[in-house]
Visitor: 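After the structure tokens below, expect a handful of questions from me.
Values below: all heavy atoms of this structure, side chains included; hydrogens, waters and symmetry mates excluded. Each chain gets a letter, A, B and so on, in the order its sequence line appears, and its residues count up from 1.
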Protein chains: 2
Amino acid sequence: MAKENFFTISELASMFDISSRTIRYYEEIGMLTSESRESLTMQRSYTNRERRRLKMILRGKKLGFSLQEIREMIDLYESNPEGEAEKSRIIEFADSKLKEIEEQIMQLQMLREDILTYKEKYENTRVKA
Amino acid sequence: MAKENFFTISELASMFDISSRTIRYYEEIGMLTSESRESLTMQRSYTNRERRRLKMILRGKKLGFSLQEIREMIDLYESNPEGEAEKSRIIEFADSKLKEIEEQIMQLQMLREDILTYKEKYENTRVKA
DNA sequence: AACTAAGCTAACGTTAACGTCAACTAGGAG
DNA sequence: CTCCTAGTTGACGTTAACGTTAGCTTAGTT
């Protein structure tokens, strides 16, 4: 019943308004994997799975994280902890990321307040001439 | 009555745990200005004014903005609009930045939720062996 | 058959944001 | 006076994240 959703590289690229080169680069550094290539044409093809992964990557970028940091967060999503040690290591990592994110949210809210303040200052300012 | 607060470059650097080179670089690209140099020794000196500016710059960086974007936002704080046209241009810029920031906050909150979800998933997972 | 569009690999180019290093100077400590 | 520390100006080096170009293949069109 699964819809046969396969995308070419340029289709996937235009979905997110990025270049094909960017997608190949993400694969190059192991952040994205293409389905097993058609062994004849060597063309990459993507499914919704990769589309979601790419979406996560781009969200991370918009938030100011490096590709390396994003990779670690995605690994978090996909990791399957073997043993209690790894499990708690993962949970610790998640907690530290959560703290970081909450701090970032706070800072953004402060920045927002600052800009609002200055904006209002201008709005109430009589302009010369 | 103003306290005589003058900092050397390395003092200012260590306040924020950055290098002197970074501060010189910010001056190089015109994001930071040092007080009129001692014309003899050519040494830079900074006041609380520059300290605040630097703090804003570093906050912007932590939030993922480029130095160029940060410069524009700081210009916003310091601009003194000449004429109605510029005034409304500035207000429009502020509004667009505010939208961007609010969007970013939303995305961060979603990311936070995602990580929380995955974290709980792991916490409730029995680990093999 | 000839052409065009889309994809591929390999490799070099580019920009932002500094790091690093060399060669110099000014100000104290001993 | 000598040495050490901290500062200065170039200028070249570095890394992440792609952009760009060349040379090749395959698939579909006229």
Visitor: Determine whether A:Leu12 and A:Ile9 make a side-chain contact, defined as any pair of heavy atoms from C-beta on separated by less than 4.5 Å.
Guide: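 No - every pair of side-chain heavy atoms lies 4.5 Å or more apart.
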Visitor: Verify the ring-centre separation between B:Tyr46 and B:Phe7: is it less than 6.0 angstrom?
Guide: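 Between B:Phe7 and B:Tyr46, the centre distance exceeds or equals 6.0 Å.
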Visitor: Figure out the OH/P separation between B:Tyr26 and C:dA17, and round it to whole Å.
Guide: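 Interatomic distance, OH of B:Tyr26 to P of C:dA17: 8 Å.
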Visitor: Can you give the donor-acceptor pairs under 3.5 Å from side chains of residues 55-63 of chain A to other protein atoms, not counting sequence neighbours?
Guide:
| from | atom 1 | to | atom 2 | distance (Å) |
| --- | --- | --- | --- | --- |
| A:Arg59 | NH1 | B:Asp114 | OD2 | 3.2 |
| A:Arg59 | NH2 | B:Asp114 | OD2 | 3.2 |

Visitor: Could you tell me whether A:Lys97 and A:Glu100 have a side-chain N and a carboxylate O separated by less than 4.0 Å?
Guide: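 Here A:Lys97 pairs with A:Glu100 in a salt bridge, since their nearest N and O are under 4.0 Å apart.
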Visitor: Donor-acceptor pairs under 3.5 angstrom involving side-chain atoms of residues 64-74 of chain A: please list them, not counting sequence neighbours.
Guide:
| from | atom 1 | to | atom 2 | distance (Å) |
| --- | --- | --- | --- | --- |
| A:Ser66 | OG | A:Gln68 | N | 3.4 |
| A:Ser66 | OG | A:Glu69 | N | 3.2 |
| A:Glu69 | OE1 | A:Ser66 | N | 2.9 |
| A:Arg71 | NH1 | A:Ile29 | O | 2.9 |
| A:Arg71 | NH2 | A:Ile29 | O | 3.1 |

Visitor: Just N and O in the side chain of B:Lys61: are any of them under 4.0 Å from OP1 or OP2 of C:dC18?
Guide: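 For C:dC18, OP1 or OP2 has a side-chain N or O of B:Lys61 closer than 4.0 Å.
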Visitor: Quickly work out the B:Glu28 CD to D:dT9 C1' distance and round it to whole Å.
Guide: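 The distance from CD of B:Glu28 to C1' of D:dT9 comes to 10 Å, rounded to the nearest Å.
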Visitor: Tell me which one of B:Glu50, B:Gln43, B:Glu27 satisfies side chain to side chain contact (heavy atoms under 4.5 Å, CB included) with B:Ser34.
Guide: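 With B:Ser34 as partner, side chain to side chain contact (heavy atoms under 4.5 Å, CB included) holds for just one option, B:Glu27.
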Visitor: In whole angstroms, how far is the C1' atom of C:dC18 from the CE atom of B:Met31?
Guide: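 Going from B:Met31 (CE) to C:dC18 (C1'), I get 14 Å.
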Visitor: Are A:Tyr25 and A:Leu32 close enough that some pair of their side-chain heavy atoms sits under 4.5 Å apart?
Guide: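 Not in contact.
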Visitor: What I want to find out is whether B:Arg24 reaches B:Glu28 closely enough, with some N-O distance under 4.0 Å, to be called a salt bridge.
Guide: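 Answer for the salt bridge query: no.
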Visitor: What does the B/S/- profile of nucleotides 5-14 of chain C look like, 5' to 3', with a 4.0 Å heavy-atom cutoff to protein?
Guide: --SSB-----
Visitor: Let me know the distance between CG of A:Leu58 and C1' of D:dA17, rounded to the nearest Å.
Guide: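 Answer to the nearest Å: 13 Å.
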Visitor: Which pairs, protein N/O on one side and nucleotides 23-25 of chain D N/O on the other, fall under 3.5 Å?
Guide:
none

Visitor: Of all of residues 62-75 of chain A, which get a heavy atom below 4.0 angstrom from DNA chain C, listed by number?
Guide: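 Within residues 62-75 of chain A, no residue comes under 4.0 Å of DNA chain C.
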Visitor: Given atom CZ of B:Phe7 and atom C1' of D:dA6, what is their separation to the nearest angstrom?
Guide: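 That distance rounds to 18 Å.
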Visitor: Determine whether A:Ile105 and B:Gln109 make a side-chain contact, defined as any pair of heavy atoms from C-beta on separated by less than 4.5 Å.
Guide: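 Side chain of A:Ile105 against side chain of B:Gln109, heavy atoms only: contact under 4.5 Å found.
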Visitor: Are the side chains of B:Ser79 and A:Tyr122 in touch, meaning some heavy atoms are under 4.5 Å apart?
Guide: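 When only atoms from C-beta onward are counted, A:Tyr122 and B:Ser79 do touch, with a gap below 4.5 Å.
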Visitor: Output all residues satisfying side chain to side chain donor-acceptor pair (under 3.5 Å) with B:Glu103, sequence neighbours left out; order by chain, then residue number.
Guide: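 For B:Glu103 the side chain to side chain donor-acceptor pair (under 3.5 Å) partners, ignoring immediate neighbours, are B:Gln107.
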